[in-house]
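The structure appears below as structure tokens.
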Amino acid sequence: MGLFGFSQDLGIDLGTANTLVFLRNKGVILREPSVVAKNIQTGDIEAVGNDARNMIGRTPNYISVIRPMKDGVIADYDTTAQMMKYYIKQALRNRSSFASKPNVMVCVPSGITMVEERAVIDATKQAGAKEAFPIAEPFAAAIGAGLPVWEPTGSMVVDVGGGTTEVAIISLGGIVTSQSIRVAGDEMDDAIIQHVRKQYNLMIGERTAEEIKFEVGGAGKADVNQTMEIRGRDLLSGLPKTIEIHADEIVRALKDTVDSIVETVKNTLEKTPPELAADIMERGIVLTGGGALLKNLDRVISEETNMPVFIADEPLDCVAIGTGKSLEYIQHFKSQPNVATRPKTD
Ligand SMILES: Nc1ncnc2c1ncn2[C@@H]1O[C@H](COP(=O)(O)OP(=O)(O)OP(=O)(O)O)[C@@H](O)[C@H]1O
């Protein structure tokens, strides 16, 4: 095994909504929400991941529940580093105490600035990595979805996460063209919160909004008869209240977000060289990320682009699998600055 061949190396999908850890030779061993609960009086971490997520909107005032990532990038540096440290420790809890620190392949949005990328690398090292290697998220997603990224053929991936939607055309181990917008699942949840507040004077939390999205949300046309009972706080009386909402109003509330995603897919296709466009016409577009599961999103993208569209198996795991598998190709990435950059040199 070479310098990077130690089996405790990790791939991390540091996402706005979820953080996943891939342990080399094992696979994805950890999937947790990117959420941290902190005691604001002492600065101590009270809970991380699922335990912290369950506290959202339910904490006493000395506990603050933080989502340290926003729009695919670090919004709260120290909390992100603490969260990653916790996850790296958990992922490696069975290794020998003599083992050296792991190398970590960590995904970053393709539209990230140098400063934002630097923050991810530094936070990963602060969290316990020996070296941190950034990899462009859509490239990792494509590897994780099993696309033939190394072949001389065009692959197209659309990764709809919590904070960002990334669209990329890949061929011969590199990104040919890509677009990243800071519009994805979180924006859908916001749109639902706004709609319910405007339409019903009802205040709902982000977890309720997400549940509404799962249950009755969608792209294109809704199942007209589908309804859902929701609870929130009436803004006029200040009291809890239950109302019934319909799928079609939620689909309408999500339309702007869905349109932005579709527009980005179309713009990317317009910039695609003809040979690669022909490959994609034949092989189709692959959707990854949790947002790929939004009802009918695949159908709407297919109708709008006239391309076949498929949802990857395990769309939520693709980026993590891609970061993990790409640990084998570190040497390649060093010569491909558009899919990944070098480790940070101090
Ligand atoms: N069945 C579903 N229908 C609609 N949206 C879903 C579904 N399941 C998950 N999602 C959404 O997918 C998003 C999370 O996806 P994912 O874990 O791929 O994002 P992430 O990697 O954390 O974010 P990013 O890539 O932007 O940093 C959330 O907004 C979540 O609500």
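Remember, it's 1-based here, ligands and their atoms both numbered in the order they're listed. Index from 1, following the sequence. Quick note: numbers below take in every heavy atom, side chains included, and nothing from hydrogens, waters or symmetry partners.
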| field | Any side-chain donor near an acceptor of the partner, Thr323 and Asp13, under 3.5 Å | value | no
| message | Taking the side chain as everything from C-beta on, heavy atoms only, tell me whether Asp9 gets closer than 4.5 Å to Val104. | response | no
| note | For residues 42-60, the salt bridge (Lys or Arg N to Asp or Glu O under 4.0 Å) pairs (sequence neighbours left out) are Arg53-Glu210
| task | Return yes if a side-chain donor-acceptor contact under 3.5 Å exists between Gln82 and Lys38, otherwise no. | result | yes
| Can you check whether Val167's main-chain N or O pairs, donor with acceptor, with Thr268's side chain at less than 3.5 Å? | no
Short N or O contacts of ligand 1 with protein, under 3.5 Å, listed by atom name?
unit_1   : atom_1 : unit_2 : atom_2 : d
ligand 1 : 10 (N) : Gly290 : O      : 3.4
ligand 1 : 12 (O) : Gly291 : N      : 3.3
ligand 1 : 15 (O) : Gly290 : N      : 3.2
ligand 1 : 17 (O) : Asn18  : ND2    : 2.8
ligand 1 : 18 (O) : Gly290 : N      : 3.0
ligand 1 : 19 (O) : Gly162 : N      : 3.1
ligand 1 : 22 (O) : Thr16  : N      : 3.2
ligand 1 : 22 (O) : Ala17  : N      : 2.7
ligand 1 : 22 (O) : Asn18  : N      : 2.8
ligand 1 : 22 (O) : Asn18  : O      : 3.4
ligand 1 : 23 (O) : Thr16  : N      : 3.3
ligand 1 : 23 (O) : Gly162 : N      : 2.9
ligand 1 : 25 (O) : Glu137 : OE2    : 2.6
ligand 1 : 26 (O) : Thr16  : OG1    : 3.3
ligand 1 : 26 (O) : Gly162 : N      : 3.2
ligand 1 : 26 (O) : Gly163 : N      : 2.7
ligand 1 : 26 (O) : Thr164 : N      : 2.8
ligand 1 : 26 (O) : Thr164 : OG1    : 3.3
ligand 1 : 27 (O) : Thr16  : N      : 2.8
ligand 1 : 27 (O) : Thr16  : OG1    : 2.9
ligand 1 : 29 (O) : Lys213 : NZ     : 3.2
ligand 1 : 31 (O) : Glu210 : OE2    : 2.5
ligand 1 : 31 (O) : Lys213 : NZ     : 2.7

| Asp279/Arg283 salt bridge by N-O under 4.0 Å criterion | no
